[in-house]
Structures are given as C-alpha cells and as structure tokens.
Q: 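First the structure, which I've put down as structure tokens, then a few questions once you've had a look.
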Amino acid sequence: MRRALRWVWRILIAVVLALAGLTVVYRFVPPVSTLMLARWATGEPVAREWRPLDRISPHLPAAVISSEDARYCSHGGVDWTELRTVVEESDDGLPARGASTIAMQTVKNVLLWPSRSVVRKVVELPLALFANLVWG
C-alpha cells in the first residue's frame, strides 16, 4: 500500500511539473483550453479571435477582476483566506460555493478538466501559484 501511494504521489508530481512547463509556454503563446482540444479531437470547429489588452476597453479587465476575484492584487494566485472559509463552512465536505481565484479558474480551464474533485484541486493549487508568477 505504501509503495502504491508513493507511485501515486510521483505521478501526481510529474503531472504538475509537466503542466507547469506548459504554463511557461502559454506565457508566450495564446493558450488552448482543454475544451478546445476536446472539440478538435472530435472534429468540431473551434473559433477564437484573440485581442491584445490594448484593443479592448480598460474597464473590461477591471470588471472581471472585481466580480470574480476581489482580492486579486493581494493573494498571489490562491486566496487562502477565502479557501479556508469555504472549507470551514462546507457541509458534509462539499462546499456550497467556490473560492477559486482568477488564476485557479484559468489553470482549470486551460490545463485541467472541468469536474469538481479533490484531485483536481490538489493539482490546481500549485499550478495556480506558478501561473500567477509566470503569466502577466
């Protein structure tokens, strides 16, 4: 059992490191989400039109940040205070609301899968911290 658990941790660390490498690539290349990859894999079209920040209203990023992540400028990718509050308020281990920051949501949408699971959160947390350092 101990040996199997060690292998699970090794695989989990390898996945996090591989995704961290992809995070560095996405600093320079517009990211492709896991949903886009799934659509391409099934032959469905994907339409996207990237716009640099200087070509959109400066009010749009401010509105997204204020509505999605109130402490965006102070937490470094993971809002530990909000996460702790959600865990403490959860009934039966299932949180009634989310505590994902913009970095966490972006990592989930670009690198991970959409389901709600403890495994995804364990992978998501270090990646969100790393993405916050690497991405602008």
Q: Between Asp69 (side chain only) and Thr101 (backbone N and O only), is there a donor and an acceptor less than 3.5 Å apart?
A: no

Q: When clusters are formed from ILVMFWY side-chain contacts under 4.5 Å, directly or step by step, what else is grouped with Ile13?
A: Leu17

Q: Who pairs with Ser57 by side-chain hydrogen bond (donor to acceptor under 3.5 Å, both in side chains), at least two apart in sequence or on another chain?
A: none

Q: Under the salt bridge (charged side-chain N to carboxylate O under 4.0 Å, His left out) rule, what pairs show up with a residue in residues 123-133, not counting sequence neighbours?
A: Arg120-Glu124, Lys121-Glu124

Q: Could you tell me whether Arg10 sits above the aromatic face of Trp7, with NZ or CZ closer than 6.0 angstrom to the six-membered ring centre and within 45 degrees of the axis?
A: yes

Q: With sequence neighbours excluded, what pairs up with Arg51 under the side-chain hydrogen bond (donor to acceptor under 3.5 Å, both in side chains) test?
A: Glu49

Q: With sequence neighbours excluded, what pairs up with Arg71 under the salt bridge (charged side-chain N to carboxylate O under 4.0 Å, His left out) test?
A: Asp79, Glu82

Q: If a pair satisfies salt bridge (charged side-chain N to carboxylate O under 4.0 Å, His left out) and one of its residues is in residues 28-45, list it, with sequence neighbours excluded.
A: Arg39-Glu44

Q: Can you list everything that forms a side-chain hydrogen bond (donor to acceptor under 3.5 Å, both in side chains) with Glu88? Sequence neighbours excluded, please.
A: none

Q: Does atom CZ of Arg48 have more than 12 heavy-atom neighbours from other groups under 6.0 Å away?
A: yes

Q: Would you give me the side-chain donor-acceptor pairs under 3.5 Å for residues 58-67, sequence neighbours excluded?
A:
| from | atom 1 | to | atom 2 | distance (Å) |
| --- | --- | --- | --- | --- |
| Ser66 | OG | Ala62 | O | 3.1 |
| Ser66 | OG | Ala63 | O | 3.1 |
| Ser67 | OG | Ala63 | O | 3.1 |
| Ser67 | OG | Val64 | O | 3.2 |

Q: Answer yes or no: is there a side-chain heavy-atom contact under 4.5 Å between Thr81 and His75?
A: no

Q: Taking the side chain as every heavy atom from C-beta outward, state whether Phe130 and Val107 have any atom pair closer than 4.5 Å.
A: no

Q: Residues two or more places apart in sequence or in another chain: which of them pass side-chain contact (heavy atoms from CB on, under 4.5 Å) with Val123?
A: Leu12, Val16, Leu19, Leu112, Leu127

Q: Give the other cluster members for Trp50, using side-chain heavy-atom distances under 4.5 Å between Ile, Leu, Val, Met, Phe, Trp and Tyr residues; answer none if it is isolated.
A: none

Q: List, by chain and then residue number, the residues other than Leu133 in its hydrophobic cluster (Ile/Leu/Val/Met/Phe/Trp/Tyr, side-chain heavy atoms under 4.5 Å); write none if there are no others.
A: none

Q: State which residues pass side-chain hydrogen bond (donor to acceptor under 3.5 Å, both in side chains) with Trp80; sequence neighbours excluded, sorted by chain then number.
A: none

